[in-house]
Enquirer: 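Handing you this structure, nothing more for now.
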Protein chains: 2
Amino acid sequence: EGPSVRAVTHSADEVKLVIKGVPDTPGVAARVFRNLASGAVNVDMIIQSLKRGNVNDIAFTVSHEDLANALEICNRLCQELGAEQVVVDDNVAKVSVVGAGIWQDTSVAADVFEALAEQGINIDMINTSGTRISCLIDRSKVETAVRALHARFGLANGK
Amino acid sequence: EGPSVRAVTHSADEVKLVIKGVPDTPGVAARVFRNLASGAVNVDMIIQSLKRGNVNDIAFTVSHEDLANALEICNRLCQELGAEQVVVDDNVAKVSVVGAGIWQDTSVAADVFEALAEQGINIDMINTSGTRISCLIDRSKVETAVRALHARFGLANGK
Ligand SMILES: C[C@@H](O)[C@H](N)C(=O)O
Ligand SMILES: C[C@@H](O)[C@H](N)C(=O)O
């Protein structure tokens with residue numbers, strides 16, 4: 001039985017935060033998320049990709065409710081860690097395609113990215129697990145994206 | 001009911017591939033993964049974080065079996081897209097902590113990262129979803145990591 005896309009979900013209550021240029025040494029991610037946990041910040045996605053030299057960027061998303069708290073903590077950590085800067089992006093929304101066995105077939109990911117590209121939507125961040133492909137896109141495009149993904153996977157555009 | 005960590009999983013059959021410096025324009029991710037899908041490459045994690053100027057890095061992991069295929073496709077795409085280079089890292093392993101409701105509590109992520117940091121393990125990449133926190137680490141550290149995560153979450157170190 002192949003992969004089956006079950007649903008498309010989306011959330012506009014996402015603000016992207018990135019602490020750019022943190023030291024790429026053991027304990028840094030632990031310190032960042034322990035501070036956020038102690039500050040009662042609820043984190044949604046966490047994304048860390050390829051390092052650059054001996055630094056890396058730690059990106060994550062939070063709700064609008066937690067943004068002020070998160071920003072204060074990140075700015076303090078940025079100084080303590082000697083990181084480059086904190087980037088905040090409040091123009092993003094998350095769209096996700098969910099289903100069992102998605103990981104089994106790379107063409108599901110290709111379908112998701114093509115459905116967005118055909119609408120001229122730029123993909124800002126990508127994060128996948130075995131049953132979910134999530135993309136951060138421009139918030140103004142989320143309705144278009146959800147409709148395009150529903151159409152691509154033959155799902156009723158549940159209102 | 002709070003989050004509950006159910007299991008620790010790991011896989012050493014992961015090779016990290018990154019196409020560095022692809023144009024950050026609609027359609028690029030679609031083209032990369034359509035090519036990989038057509039080339040019968042089975043992709044595990046896909047990670048894309050903050051762009052740099054108007055380029056970005058697209059990172060993903062494949063099994064050893066698919067590496068040669070994936071590399072050939074990436075090298076061709078790198079040229080066609082005018083990207084910077086293709087990075088291959090065959091020293092990585094993935095460790096994941098899985099459980100319902102993990103997303104509800106940032107301290108689970110902090111616990112995962114601290115358990116690795118206490119063993120002196122550097123976290124190479126991070127990718128999370130609502131029920132899973134995955135880290136790419138040095139393959140030589142995977143046994144230590146799995147034991148440390150089992151201990152941290154009070155799970156029997158199932159052989
Ligand atoms: C950058 C950060 O993730 C670091 N590599 C760590 O292990 O904490
Ligand atoms: C970099 C790549 O993801 C590009 N932003 C796209 O939408 O395809």
Side-chain angles (χ1 to χ4, degrees), chain A residues 16 18 20 24-52 57-60 87 96 103-110 112-135, chain B residues 16 18 20 24-38 40-52 56-60 87 96 103-110 112-135:
Chain A
K16 176 176 83 189
V18 186
K20 283 186 72 171
D24 181 37
T25 51
V28 169
R31 186 165 165 189
V32 167
F33 290 96
R34 179 57 67 200
N35 273 272
L36 290 166
S38 308
V41 172
N42 192 347
V43 168
D44 183 19
M45 300 197 299
I46 303 173
I47 297 180
Q48 178 186 305
S49 186
L50 190 71
K51 68 182 182 213
R52 298 189 307 286
D57 301 335
I58 293 181
F60 60 95
V87 170
S96 303
W103 59 273
Q104 288 170 351
D105 188 345
T106 308
S107 67
V108 174
V112 170
F113 303 146
E114 281 172 355
L116 298 175
E118 285 162 12
Q119 303 299 319
I121 296 172
N122 195 44
I123 303 168
D124 189 63
M125 288 192 174
I126 303 171
N127 174 341
T128 68
S129 74
T131 55
R132 174 186 292 269
I133 297 170
S134 293
C135 297
Chain B
K16 176 176 83 188
V18 186
K20 280 186 75 171
D24 180 37
T25 51
V28 169
R31 186 165 166 187
V32 167
F33 291 96
R34 181 55 68 200
N35 273 271
L36 290 167
S38 309
V41 171
N42 193 347
V43 167
D44 182 20
M45 301 197 301
I46 303 173
I47 297 180
Q48 178 186 305
S49 186
L50 189 71
K51 67 179 182 219
R52 297 190 308 285
N56 206 331
D57 301 335
I58 293 181
F60 60 95
V87 171
S96 302
W103 60 273
Q104 289 170 348
D105 187 347
T106 308
S107 67
V108 175
V112 169
F113 303 146
E114 280 172 358
L116 298 175
E118 284 161 15
Q119 304 299 319
I121 297 173
N122 195 44
I123 304 169
D124 188 65
M125 288 192 173
I126 303 170
N127 172 344
T128 68
S129 74
T131 56
R132 176 185 289 267
I133 296 171
S134 292
C135 297

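Order of the sequence lines sets the chain letters (A, B, ...), proteins ahead of strands, with each chain counted from 1.
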Enquirer: Provide the full list of side chain to side chain donor-acceptor pair (under 3.5 Å) pairs with a residue in residues 30-42 of chain A, sequence neighbours left out, each pair given once.
Expert: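 Checked against side chain to side chain donor-acceptor pair (under 3.5 Å) - neighbours excluded - the pairs reaching residues 30-42 of chain A are A:Arg31-A:Glu80, A:Arg34-B:Asp111, A:Arg34-B:Glu114, A:Asn35-A:Arg76.
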Enquirer: Could you tell me which portion of A:Val18 (side chain, backbone, both or neither) has an atom closer than 4.5 angstrom to a non-hydrogen atom of chain B?
Expert: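 The side chain, not the backbone.
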Enquirer: Nearest 0.5 Å, what's the CE-CD1 distance between B:Met125 and A:Ile47?
Expert: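 So the gap between those two atoms works out to 11.5 Å.
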Enquirer: In terms of heavy-atom pairs under 4.5 Å with chain B, which of A:Thr106, A:Val43, A:Val28 leads?
Expert: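 If we count pairs closer than 4.5 Å to chain B, A:Thr106 comes out on top.
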Enquirer: Nearest 0.5 Å, what's the NZ-OG distance between A:Lys16 and B:Ser49?
Expert: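 So the NZ of A:Lys16 and the OG of B:Ser49 are separated by 8.0 Å.
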Enquirer: Who among A:Ala109, A:Cys135, A:Ala110 has the most heavy-atom pairs with chain B under 4.5 Å?
Expert: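 Greatest number of close heavy-atom pairs with chain B: A:Ala110.
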Enquirer: Excluding sequence neighbours, so at least two apart, what forms ring pair (Phe, Tyr, Trp, His ring centres under 6.0 Å) with A:Phe33?
Expert: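 Once residues adjacent in sequence are excluded, the partners of A:Phe33 under the ring pair (Phe, Tyr, Trp, His ring centres under 6.0 Å) criterion are A:Phe60, B:Phe113.
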Enquirer: Of the backbone (N, CA, C, O) and the side chain (C-beta and beyond), which part of A:Ser134 lies under 4.5 Å from a heavy atom of chain B, both, or neither?
Expert: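 Contact with chain B: none, neither part.
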Enquirer: Quick one: closest heavy-atom pair of B:Gly120 and A:Pro26, and the distance?
Expert: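 Taking every non-hydrogen atom into account, O-CG, 3.6 Å.
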Enquirer: Who wins among A:Ala29, A:Ser96, A:Gly27 for the most heavy-atom pairs under 4.5 Å with chain B?
Expert: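 Going by pairs under 4.5 Å, I would pick A:Ala29.
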Enquirer: Does a side-chain heavy-atom distance below 4.5 Å link B:Arg132 with A:Thr131?
Expert: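 Answer no - side chains too far apart.
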Enquirer: Tell me the closest heavy-atom pair linking A:Ile46 and B:Thr128, and the distance in Å.
Expert: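 Scanning both residues completely, I find the closest heavy atoms to be N-OG1, 2.9 Å.
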Enquirer: Flag the one option from A:Asp105, A:Ile123, A:Asp44, A:Val32 with the top tally of heavy-atom pairs under 4.5 Å to chain B.
Expert: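 Highest number of pairs under 4.5 Å: A:Ile123.
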Enquirer: Counting only non-hydrogen atoms closer than 4.5 Å, does B:Asn56 touch chain A with its backbone (N, CA, C, O), its side chain (CB onward), both, or neither?
Expert: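 Just its side chain gets close to chain A.
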Enquirer: Rounded to the nearest 0.5 Å, what separation is found between the OG atom of B:Ser107 and the CG atom of A:Leu36?
Expert: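 Reported value, rounded in 0.5 Å steps: 11.5 Å.
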